Amino acid sequence: MAEAGHLDDSICWDWARSLNWGVIFIHSDLTVRIENQLGASLLDTGFEEDMVVPLADCLPSHSDEYRVLQDMVYAQREFRDLFLLWQTNGRVRHVLLDSYRIRREDGTVAGMRVIAKDLGNFISLEKRLQQTNRLLTTSKVAAGIAHEIRNPLTTIKGFVQVLDQVISNLPAQMQSSERNYVDTILSEVERVEYIVTDLLMLANPRRLEKTECSIKDLLVELEPVISERTLSQNIQFEYSAEDLPLLELDKEMMKHAMLNLIDNAIEAMADETHGDAAAGILKIHAQRVDDLIRIDISDSGPGIPYYETDKIFDAFFTTKDGGIGLGLPICQRIVSDHDGEIRVSSKGYGTTFSVFLPLSASKAAHLSSRSG
Ligand SMILES: Nc1ncnc2c1ncn2[C@@H]1O[C@H](COP(=O)(O)OP(=O)(O)OP(=O)(O)O)[C@@H](O)[C@H]1O
Ligand SMILES: [Mg+2]
């Protein structure tokens with residue numbers, strides 16, 4: 001592997017070995033030279049000096065991790081501080097990754113050098129804490145705003161309805177433009193009412209009405225709605241659910257959360273028009289993972305830039321014209337009220353939102369609903 005030889009020099013080798021970051025070089029034919037012990041750990045493989053192995057021998061070629069590295073090499077993409085959830089052989093950690101184009105003497109690109117910091121799992125604890133704090137702050141803000149808006153809105157609506165009556169009593173030829181104004185005001189008021197309802201849900205969700213239900217049934221009930229939305233956008237839709245244990249859920253609330261995630265997935269793909277070909281693929285998969293039920297909602301949209309993944313659960317964060325930015329905070333609220341968690345994984349293309357619901361919460365919820 002002469003082309004990877006920019007590090008053949010012993011000084012560089014020493015530098016790579018002593019670095020507290022994993023270093024690997026991925027040649028454009030997808031063979032990897034592992035340059036230090038931490039680089040080997042990134043790929044969950046052993047380390048020997050001058051070790052060159054096909055990338056496919058280290059990571060399964062269908063895995064997200066393989067595809068990130070493969071795309072990086074094919075597109076010769078340089079990243080700085082790319083924050084990724086990294087799973088190899090069942091080991092889950094977070095890594096911070098930089099990549100650099102390495103050129104041959106004639107200027108052509110020989111491959112990519114990847115430098116990655118293993119952040120371990122403490123990040124997920126930190127993130128959970130941040131999420132909880134953010135949810136509390138958001139709820140307070142939402143409650144305040146909803147309260148302030150609701151009263152004047154009721155007054156506006158009342159007076160516009162009076163105006164509507166007055167206009168109805170005018171001669172017919174005078175009614176048309178005034179009626180347009182009134183209709184516009186009423187439809188705008190309705191939009192604000194819709195936002196207030198969302199805010200109230202965020203601030204103070206209605207008391208959960210939990211019943212024992214199966215995630216599979218919930219998805220079956222949602223299927224016609226989803227199919228209608230995906231068909232109209234030329235999006236392929238696949239779903240699969242194992243037979244799973246029953247959970248104590250507020251089914252309507254949980255459906256609301258799922259539909260928000262599904263709408264986001266569809267909206268992310270709706271911009272991706274490919275002539276007559278399907279604009280994208282929406283996949284929903286529910287499975288049991290230890291003591292959790294995991295529901296994955298994946299799309300093949302453009303993904304979420306890493307610098308936005310921290311913001312998407314903030315109230316009013318939106319990148320859409322006409323978006324409000326309340327869908328995800330509401331989902332998070334509903335899922336956390338069920339003692340669950342939402343995680344997002346997006347690696348430069350496509351996005352997966354995973355909802356985790358604990359099986360043990362089903363018992364706890366059952367007891368608390370009986371005692372409450
Ligand atoms: N599947 C996805 N793919 C790409 N970006 C997404 C996806 N889901 C969410 N996002 C990003 O997160 C932002 C926040 O989503 P959220 O659902 O909270 O609000 P919204 O969809 O913009 O508006 P609304 O309040 O109508 O739901 C989106 O504007 C988008 O930038
Ligand atoms: Mg949304």
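Since the structure is predicted, the reported quantities are computational estimates derived from the model, not experimental observations. Counting convention: from 1, in listed order, for ligands and their atoms alike. For the numbers below, each heavy atom of this structure counts, side chains included, while hydrogens, waters and symmetry mates do not.
Of all protein heavy atoms, the one lying nearest to atom 9 (C) of ligand 1 is N264 ND2, 3.6 Å. In this structure, atom 14 (C) of ligand 1 lies nearest to the protein heavy atom F317 O, 3.3 Å. Counting protein heavy atoms only, atom 3 (N) of ligand 1 is closest to A268 CB, 3.4 Å. Of all protein heavy atoms, the one closest to atom 29 (O) of ligand 1 is T319 N, 2.9 Å. For atom 21 (O) of ligand 1, the closest heavy atom belonging to the protein is K320 NZ, 2.6 Å.
The ligand atoms of ligand 1 that sit less than 4.0 angstrom from a heavy atom of P329 are 18 (O). Near I324, with a cut-off below 4.0 Å to any heavy atom, the atoms of ligand 1 are 23 (O), 24 (P), 25 (O), 26 (O). Each of the following atoms of ligand 1 lies closer than 4.0 Å to a heavy atom of G323: 23 (O). Heavy-atom proximity to T318, at under 4.0 Å, picks out these atoms of ligand 1: 20 (P), 22 (O), 29 (O).
Only side-chain heavy atoms of D299 come within less than 4.0 Å of ligand 1; its backbone N, CA, C and O stay farther off. Proximity of F313 to ligand 1, defined as any heavy-atom pair under 4.0 Å, is not found for any part of the residue.
In this structure, the side chain of H27 engages the main chain of D29 through a donor-acceptor pair within 3.5 Å. The backbone N or O of W21 sits less than 3.5 Å from a side-chain atom of N36, completing a donor-acceptor pair. Judged purely by atom type and a 3.5 angstrom limit, R104 uses its side chain to pair as donor or acceptor with the backbone of V109. A donor-acceptor contact shorter than 3.5 Å links the side chain of S300 to the backbone of I281. With hydrogens and angles ignored, the 3.5 Å screen pairs no side-chain donor or acceptor of D118 with any backbone N or O of V95.
No close placement of the Y239 and H285 rings is indicated, their centers lying 6.0 Å or farther apart.
At least one side-chain heavy atom of M72 sits less than 4.5 Å from a side-chain heavy atom of L69. Contact annotation: the side chain of T230 never approaches that of M269 to less than 4.5 Å [non-hydrogen atoms, C-beta and beyond]. With contacts defined as side-chain heavy-atom distances shorter than 4.5 Å, the pair L282/E238 does not qualify.
With 3.5 Å as the limit, one finds no donor-acceptor pair spanning the side chains of D183 and Y181.
Within the cation-pi definition used here (under 6.0 Å to the ring centroid, within 45° of the axis), R343 qualifies as a partner of F356.
At least one heavy atom of T351 lies less than 4.0 angstrom from ligand 1. Under the 4.0 angstrom criterion for non-hydrogen atoms, G325 is in contact with ligand 1.
By the 3.5 Å distance cut-off applied to N or O atoms, L328 is counted among the residues near ligand 1. For a threshold of 3.5 Å applied to N or O pairs, the pair formed by L326 and ligand 1 contains at least one separation below that value.
For atom 7 (C) of ligand 1, the nearest non-hydrogen atom from the set I312, D321, I304, T352 belongs to I304.
For a distance bound of 2.8 Å, the N, O or S atoms of N264 include one lying that close to the Mg ion (ligand 2).
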